[in-house]
2 protein chains.
Amino acid sequence: MVREDKAPGSLGSRDGLGDKAGMICRAIRRAIVEQALRPGDRLPEDALGERFGVSRTIARHALGQLGAEGLVDLRRNRIAVVATPSMEEARDTFDIRIELEGLVVKALAGRLEKKQIARLREHVEAEQAARQGSEATSIRLATEFHVLLAEMTGKPILTRYVNEVSYRCGLTLSTFGRPHSSECAVNEHSVLIDALAEGDVQEAMRLMREHLEQVADRALLVAPDARNRELMDILAPYAEEVASRSKRPRKA
Amino acid sequence: MVREDKAPGSLGSRDGLGDKAGMICRAIRRAIVEQALRPGDRLPEDALGERFGVSRTIARHALGQLGAEGLVDLRRNRIAVVATPSMEEARDTFDIRIELEGLVVKALAGRLEKKQIARLREHVEAEQAARQGSEATSIRLATEFHVLLAEMTGKPILTRYVNEVSYRCGLTLSTFGRPHSSECAVNEHSVLIDALAEGDVQEAMRLMREHLEQVADRALLVAPDARNRELMDILAPYAEEVASRSKRPRKA
DNA sequence: ATAACTAAGAGTGTATGCAATCACGATGCC
DNA sequence: GGCATCGTGATTGCATACACTCTTAGTTAT
């Protein structure tokens with residue numbers, strides 16, 4: 001045996017964590033993107049460990065990773081919570097996403113093999129099918145479409161970053177977005193594939209940018225009325241009124 | 001007291017780790033960018049813990065973070081080592097960096113306050129001064145210039161990513177770059193500040209892109225002869241010849 | 001009744017211990 | 001002499017234990 005393993009210095013499928021911590025990370029990421037976990041939800045180390053059948057050590061390690069990815073907020077001596085991106089951060093994240101996925105498109109346009117195109121169309125079909133199913137699956141599949149594209153570039157670092165910002169965008173959607181805001185995205189995915197297959201870089205770039213702008217708009221423009229968490233700023237005008245009733249029905 | 005803390009959902013200065021793990025992370029990052037730690041160098045948990053006066057638990061946590069950032073390679077049951085980016089990953093990283101720092105420039109051009117400009121010029125002066133000092137300091141300051149720019153955008157996520165790719169680029173330089181390859185970068189920093197101060201977005205973007213392309217070229221074009229690590233691909237053509245001598249003088 | 005104070009419970013921060021795995025030199029075989 | 005095998009030390013994977021901090025409910029004083 002000549003020792004060839006996989007790749008010496010590449011962080012191919014990141015999560016260098018043993019495996020168990022990686023499992024927890026993946027589970028939580030998925031729960032977040034499917035909005036089963038929502039911003040502000042608590043993630044106590046004990047509970048996580050017990051739920052996944054591991055010790056607090058592992059759960060803690062996993063939380064550390066998720067914290068580094070910006071999906072959970074870690075504050076000293078405080079229970080970890082699912083991150084609540086600010087409006088500013090959200091806009092920031094989408095801007096970055098647009099640039100990164102621009103790189104993806106540039107790398108892919110005209111270079112997709114038939115098999116890859118088929119794989120993409122297959123995924124879009126799954127997205128179509130999911131529109132009648134649970135919204136959670138819809139959102140997850142939409143996110144995974146972008147991840148899939150990134151993976152096809154074969155560029156590990158780019159893939160990793162697209163992955164990360166995509167999940168963060170899912171979190172943003174969860175924070176600010178209205179329900180069913182990912183309606184028409186499926187068609188946009190479809191025409192994007194067309195452009196990529198045809199090799200029209202300019203058009204593909206334009207489509208991707210437009211698509212992401214629209215996703216961002218759908219996610220961000222409806223912020224004020226859609227959610228009632230972190231309402232510090234929304235409530236500010238009413239502060240005096242509220243001051244009378246001192247009870248706060250905070251969710252368990 | 002009304003509890004206003006700092007910012008609820010922002011990962012301001014990341015490293016959510018208690019403090020000690022964050023210390024280790026910062027120390028190792030710095031050591032890497034200063035090329036005191038070089039690709040492939042081993043980072044055993046015990047040794048780290050002892051060196052920093054903490055237990056293996058903390059060292060391990062820190063390594064986890066660095067692994068997530070792609071600065072160290074974490075493989076199960078293996079000693080952590082400083083990452084050795086492949087040529088492909090290196091190119092990849094620089095591409096991403098160019099896009100991200102493009103965002104920085106776009107956000108900054110014409111919007112810099114006098115104080116900020118002064119701060120930047122001050123930094124460039126420090127870079128100038130360091131050219132006569134140790135190369136380690138030069139490289140670190142050059143990296144920190146870009147980080148400083150990113151911070152001035154006030155965009156936390158963008159700052160975080162620029163930070164990460166910048167450090168990764170430092171690692172790339174360490175892997176492929178020739179000594180003294182950051183010679184003229186200082187001037188490029190200086191003219192970039194001019195363009196930013198003047199508010200010429202187009203010119204600033206062009207300068208930044210050109211600057212980074214040149215940094216990449218200096219770092220990557222000299223790969224074949226400068227270093228003899230990870231020479232799998234370089235040696236491929238000579239494989240038959242090499243087959244005779246089976247000794248491999250691997251460094252301790 | 002309200003507000004400040006206090007004490008118990010909950011949860012994190014960190015160190016340590018043990019089992020499992022790996023690296024590497026020693027040993028034996030061809 | 002070269003090559004495979006084995007055993008020991010080195011190192012990681014993981015769980016547990018304890019100290020410290022924060023939260024919160026109960027309590028007392030005003």
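Chain A is the first sequence line, chain B the second, and so forth, proteins listed ahead of strands; every chain is numbered from 1.
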Taking atom CD of B:Glu88 as the centre, report whether more than 12 heavy atoms of other residues, nucleotides or ligands fall under 6.0 Å from it.
no
Could you state the CD1-C1' distance from A:Ile58 to D:dT16, rounded to the nearest angstrom?
12 Å
May I ask you to test the A:Leu74-A:Leu63 pair for a side-chain heavy-atom distance under 4.5 Å?
yes
Extract from the structure each pairing of a protein N or O with an N or O of nucleotides 7-12 of chain D at less than 3.5 Å, listing the distance.
{"unit_1": "D:dT12", "atom_1": "OP1", "unit_2": "B:Glu45", "atom_2": "N", "d": "3.1"}
{"unit_1": "D:dT12", "atom_1": "OP2", "unit_2": "B:Glu45", "atom_2": "N", "d": "3.4"}
{"unit_1": "D:dT12", "atom_1": "O3'", "unit_2": "B:Asn77", "atom_2": "N", "d": "3.4"}

Does a salt bridge link B:Glu151 with B:Arg119, judged by any charged N lying under 4.0 Å from a carboxylate O?
no
For A:Asp19 and D:dG13, give me the distance from atom CG to atom C1', rounded to whole Å.
11 Å
Distance check needed: C:dT14 P versus A:His61 NE2, whole Å only.
15 Å
What pairs with B:Thr57 under side-chain hydrogen bond (donor to acceptor under 3.5 Å, both in side chains), at least two apart in sequence or on another chain?
B:Ser55
Parallel, tilted or perpendicular: rings of B:His123 and B:Phe145 (30°, 60°):
tilted
Does this structure show an ion pair linking A:Glu164 with A:Arg168, if we count only N-O contacts that are shorter than 4.0 Å?
no
Find the distance B:Ile24:CD1 to C:dT14:C1' and express it as a whole number of Å.
12 Å
